[in-house]
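When a ligand or atom number is given, it counts from 1 through the structure's own listing order. Values reported hereafter were calculated over all heavy atoms of this structure, with side chains retained and with hydrogens, waters and symmetry mates removed.
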Amino acid sequence: DHLTDEIREKVQNHPCYSEDAHHYFARMHVAVAPACNIQCHYCNRKYDCANESRPGVVSELLTPDQAVKKTKAVAANIPQMTVLGIAGPGDPLANPERTFETFRRLSEEAPDIKLCVSTNGLALPDAVEELSKHNIDHVTITINCVDPEIGAKIYPWIFWENRRIKGKKAAKILIEQQQKGLEMLVAKGILVKVNSVMIPGVNDKHLAEVSRIVKSKGAFLHNVMPLIAEAEHGTFYGVMGQRGPNAQELQDLQDECSGDMNMMRHCRQCRADAVGLLGEDRGDEFTLDKIEDME
Ligand code: SF4
Ligand code: SF4
């Protein structure tokens, strides 16, 4: 495959980044980040950030203190737990106090746990310095396009420098921030995975180019996720019936990208408070009331 030895060494115990490790090592997410700084057409704010999770899920929102307690309780009960991620329910970097307080405490109080974070990238360049101070060696950026024309069809607006910006101008800023953040992370030696949501008729033909570009900048893994269009999840573009890709279309695109890039094919789009091995969710065993009983 396309990984260097140095990256292979870093990812071998990470359930999300190693096909082998995901059978033996567990991960958990803590949902400490409610706010978001952009709007994706495919998002429904009632639910977790769709950039990393399956739609239609509401995770239990925690304070940083509750998140630290929960992480320690899980680590004490699930010894295979190697990775703690913050992936929502909004954008972790749009909630810097809550996200960094959680990371700061965990890197001090539970230094063996690897930390990771996912983001839409808008606030990423400003966060790289702080991220590099903690135990964070993995960041996931959701990059759905590198072309503002296409971006304007995916993102109706961003919130930037205290103003709401719309259309192509907004998409251009978001794309620039994502690419700059990616370059800065790679320069710091922090691993970067890129997520893309495949939206038929919008960015499906464009994602192979996205894959080439992020690979050339040093992202080590590309995860193309299907848009999951569910009636209950509502509308995309305000038009009911924007469909997601079928399994064949998704696989064809993953195959097309895999010539240049390591593709992730076992991402489960876990919820923002998932606990356990991939494909298993033991979150119900570690709700706040149960953790308090464990103490
Ligand atoms: Fe929703 Fe996530 Fe997009 Fe924010 S980044 S609008 S939470 S899908
Ligand atoms: Fe890993 Fe994907 Fe689940 Fe994130 S959403 S923990 S990358 S499997």
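If you look at Asp91 next to ligand 1, there are no close heavy atoms at all, none under 4.0 Å. Using a 4.0 Å cut-off between heavy atoms, Cys40 contacts ligand 1 through both its backbone and its side chain.
In this structure, Met184 and Ile190 have side chains that are not in contact, with every pair of non-hydrogen atoms separated by 4.5 Å or more.
Taking the charged nitrogens against the carboxylate oxygens, Glu130 and Arg104 have no contact shorter than 4.0 Å, which rules out a salt bridge. The residues Arg243 and Glu249 are annotated as salt-bridged, a charged nitrogen and a carboxylate oxygen being separated by less than 4.0 angstrom.
Between Thr140 and Asn195, the side chains place no donor N or O within less than 3.5 Å of an acceptor N or O (distance only, hydrogens not considered).
Taking every heavy atom of Asn120 and a limit of under 4.0 angstrom, the matching atoms of ligand 1 come to 5 (S). Close contacts between ligand 1 and Gln39 involve ligand atoms 6 (S) [criterion: under 4.0 Å to a heavy atom]. Per-residue contacts place Cys43 under 4.0 angstrom from the following atoms of ligand 1 (heavy atoms of the residue considered): 1 (Fe), 6 (S), 7 (S), 8 (S).
Judged by distance alone, with hydrogens and angles left aside, the side-chain atoms of Asp91 form a donor-acceptor pair with the main-chain N or O of Asn120 at under 3.5 Å.
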